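Heads up, the thing below is written out as structure tokens.
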Number of protein chains: 2
Amino acid sequence: MKIQAFDVSKAASATSIVFDALRKAIITGDLAEGEHLRQDEIARAFNVSRIPVREALLKLEQHGLVRNQRYKGAVVSGLSLEEAEEIFEFRALLEPEVIRRAVPRMTQAVLDEARACCDAFARDTDPMRWGDHNRRLHATLYAASGLSYHLEVLHKTLDRIEPYLRAQLLLSDGIARANREHKGIVDACAAQDAERAAALTRAHILGARDSLRHSWSG
Amino acid sequence: MKIQAFDVSKAASATSIVFDALRKAIITGDLAEGEHLRQDEIARAFNVSRIPVREALLKLEQHGLVRNQRYKGAVVSGLSLEEAEEIFEFRALLEPEVIRRAVPRMTQAVLDEARACCDAFARDTDPMRWGDHNRRLHATLYAASGLSYHLEVLHKTLDRIEPYLRAQLLLSDGIARANREHKGIVDACAAQDAERAAALTRAHILGARDSLRHSWSG
DNA sequence: TGATCAGATATTGGATACAATATGCATTTT
DNA sequence: AAAATGCATATTGTATCCAATATCTGATCA
């Protein structure tokens, strides 16, 4: 067989297409907190029936991105300051441990990839993409841990506060500070200093929490 | 109004009935790992159409209790030893932190309730209920933390390894050891010694992990 | 004027019907 | 006989339809 084949069962179902699109719209903030999502409106927009839309909304609810109320529908869920802070503290517990266990397993390829992320982050002038670079950098470093459950939980956690992360980066010194701290973390990883990487990661996250608290408006 | 009213919107939908029943069947082991779940069959059993069954299966997948493969259906997902160990290590990270922050906020009522759980646990001779007592004890202590996101994640995590927890308790010294360790943790809480409670909790969980490793068969 | 109630409309939950895909078996082919 | 092929059956994915519930509007009444 010369043809370029791939597993068709991994092709997107209507449900997963709708889910991915809504998820992205929510974490980028295109769909604002509190917004009401009507099933048949979405169904018309995607040219599908309401069934896949409902299933997508259910998945979004499990991810904490919407709240479904019976016979009333789905609304994009926001976070109170207290809830957002708690999630930052959850990250401050989880991520240092993940990176601590990832450092001994990092290959040169991982470190190169991480530095490439840092550079791309620093060079990109489009704030819309900062969140993506940020996410990819952390994902690259953490993946080396091989801790699939930790990573699964972490991924969902980051989805839930992504809009607030983006807001952080848009603060006056947000982007500069993030670049500085990321460089420090990657350096610690390259030096095989797991404890320092963990400590810097924790400080990075708690710093973001404090910054969030000070800039809190909504 | 003298009548005992309650929020009808919290009444069980067909989806939630099916979900709860399947969830319970899986975590108690009534549905064994690898078992194939057919939508039709379940729908007939509950006298509903396949729609609520599908939605229940979707929720179960988000909880990690089944795996859905397109056009092939859902199978009850099991864990490899490595995956189970990782989840125990995740708990060993999360639960000590939760109890550390719960201790300063525990009222006498919480401690009384916890001791009642311990007693019920120790007295109950039906192994089928041990898992429930265990769960209720931890839930009681942890709830005082007020950390809703941590608790939400923890709840899902416990669902995922519940069958292995039950297996632990059935080991020769499993129940005696659990009772001993639980008493130590509750005592530390009563003494307002958050650090000791955290350390004991961590040891409790890592001990269970080690015990699991030694008794691993499947 | 303001609250209350009945009906109309909008929206979601669930059932039935149909389409797409997988699986197993018999048949054919070499 | 072993492998490949085509058909029949089983199962899931999605669309359409109906029922249950919420929400809105306007009329009625104190």
Side-chain angles (χ1 to χ4, degrees), chain A residues 1-3 5-23 25-26 31-77, chain B residues 1 3 5-23 25-26 31-32 34-77:
Chain A
M1 288 204 308
K2 302 279 186 197
I3 61 176
F6 71 93
D7 187 344
V8 171
S9 78
K10 291 198 174 62
S13 64
T15 295
S16 69
I17 289 172
V18 174
F19 171 78
D20 289 341
L22 290 180
R23 169 180 170 274
I26 292 173
L31 286 171
E33 147 184 359
E35 196 150 344
H36 209 105
L37 302 178
R38 299 230 179 60
Q39 296 176 0
D40 65 3
E41 185 179 337
I42 298 168
R44 268 198 308 274
F46 286 87
N47 235 352
V48 296
S49 79
R50 279 170 44 225
I51 299 290
V53 173
R54 284 175 47 178
E55 296 187 345
L57 290 173
L58 255 178
K59 282 179 76 171
L60 289 168
E61 179 173 50
Q62 304 305 311
H63 285 249
L65 296 179
V66 308
R67 267 188 33 232
N68 268 313
Q69 244 190 324
R70 198 167 186 212
Y71 294 117
K72 293 196 179 175
V75 296
V76 178
S77 54
Chain B
M1 289 204 307
I3 60 177
F6 71 94
D7 187 345
V8 171
S9 77
K10 290 200 175 60
S13 63
T15 296
S16 70
I17 289 174
V18 174
F19 171 78
D20 289 341
L22 291 180
R23 169 181 170 275
I26 293 173
L31 286 172
E35 195 150 345
H36 208 102
L37 302 178
R38 297 223 183 61
Q39 298 177 0
D40 238 353
E41 189 178 334
I42 298 169
R44 269 198 307 275
F46 285 88
N47 239 346
V48 297
S49 78
R50 279 168 46 226
I51 299 291
V53 174
R54 288 174 57 83
E55 297 185 344
L57 290 174
L58 256 177
K59 283 178 76 171
L60 289 169
E61 179 173 49
Q62 303 306 312
H63 283 248
L65 297 178
V66 308
R67 266 187 33 232
N68 270 314
Q69 242 189 325
R70 201 169 181 209
Y71 293 117
K72 292 197 179 172
V75 296
V76 178
S77 53

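Chain letters run A, B, ... following the sequence lines, proteins first and then strands; every chain starts at 1. If you're wondering where the values come from, they're calculated on a predicted model, not measured in any experiment.
As a whole-Å value, the separation of B:Leu57 CG from D:dG13 C1' is 13 Å. If you take CG of B:Asn47 and C1' of C:dA15, they are 12 Å apart, rounded to a whole angstrom. Atom CZ of B:Phe46 and atom C1' of C:dG13 are 18 Å apart (whole Å). Here D:dT11 presents its C1' atom at 12 Å from CZ of B:Arg44, a figure rounded to the nearest Å. Atom CG of A:Leu58 is separated from atom P of D:dG13 by 14 Å (rounded to the nearest Å). Between A:Asn68 atom CG and D:dA22 atom P the separation is 15 Å, expressed in whole Å. Residue B:Glu55 contributes atom CD, which lies 9 Å from atom C1' of C:dG14 at whole-angstrom precision. Counting to the nearest Å, the P atom of D:dT11 and the CD1 atom of B:Ile42 are 12 Å from each other.
Nucleotides of DNA chain D nearest to A:Pro52 and B:Asp40 differ in position, and the one nearer the 5' end is that of B:Asp40.
The side chain of B:Ser49 lies closest to C:dT16, out of C:dT16, D:dT23, D:dG13. Checking C:dG14, D:dT14, C:dT12 against every side-chain atom of A:Gln39, the shortest atom distance belongs to C:dT12. Comparing C:dG14, C:dT21, D:dT14 by their closest approach to the side chain of B:Tyr71 singles out C:dT21. Side-chain proximity of A:Arg54 to D:dT12, D:dT14, C:dG13: nearest is C:dG13. Nearest to the side chain of B:Ile51, among C:dT16, C:dT12, D:dT12, sits C:dT16. Among C:dA15, C:dC18, D:dT11, the nucleotide with an atom closest to any side-chain atom of B:Arg38 is D:dT11.
Note on A:Thr15: a side-chain N or O is less than 4.0 Å away from OP1 or OP2 of D:dT14.
Note that CZ of A:Arg50 and CD1 of A:Ile42 are 11.0 Å apart. Values are rounded to the nearest 0.5 Å.
Under 3.5 Å, the side chain of B:Arg50 and the base of C:dG14 form no donor-acceptor pair of N or O atoms.
Side-chain atoms of A:Glu61 come within 3.5 Å of backbone N or O of A:Asn68 as a donor-acceptor pair.
Counting only heavy atoms from C-beta outward, the side chains of B:Leu22 and B:Val53 never approach each other to under 4.5 Å.
Pairing each heavy atom of B:Val66 with each of B:Ser77, the nearest pair is N-OG, 3.6 Å. B:His36 and B:Lys72 get closest at one heavy-atom pair: NE2-O, 3.0 Å.
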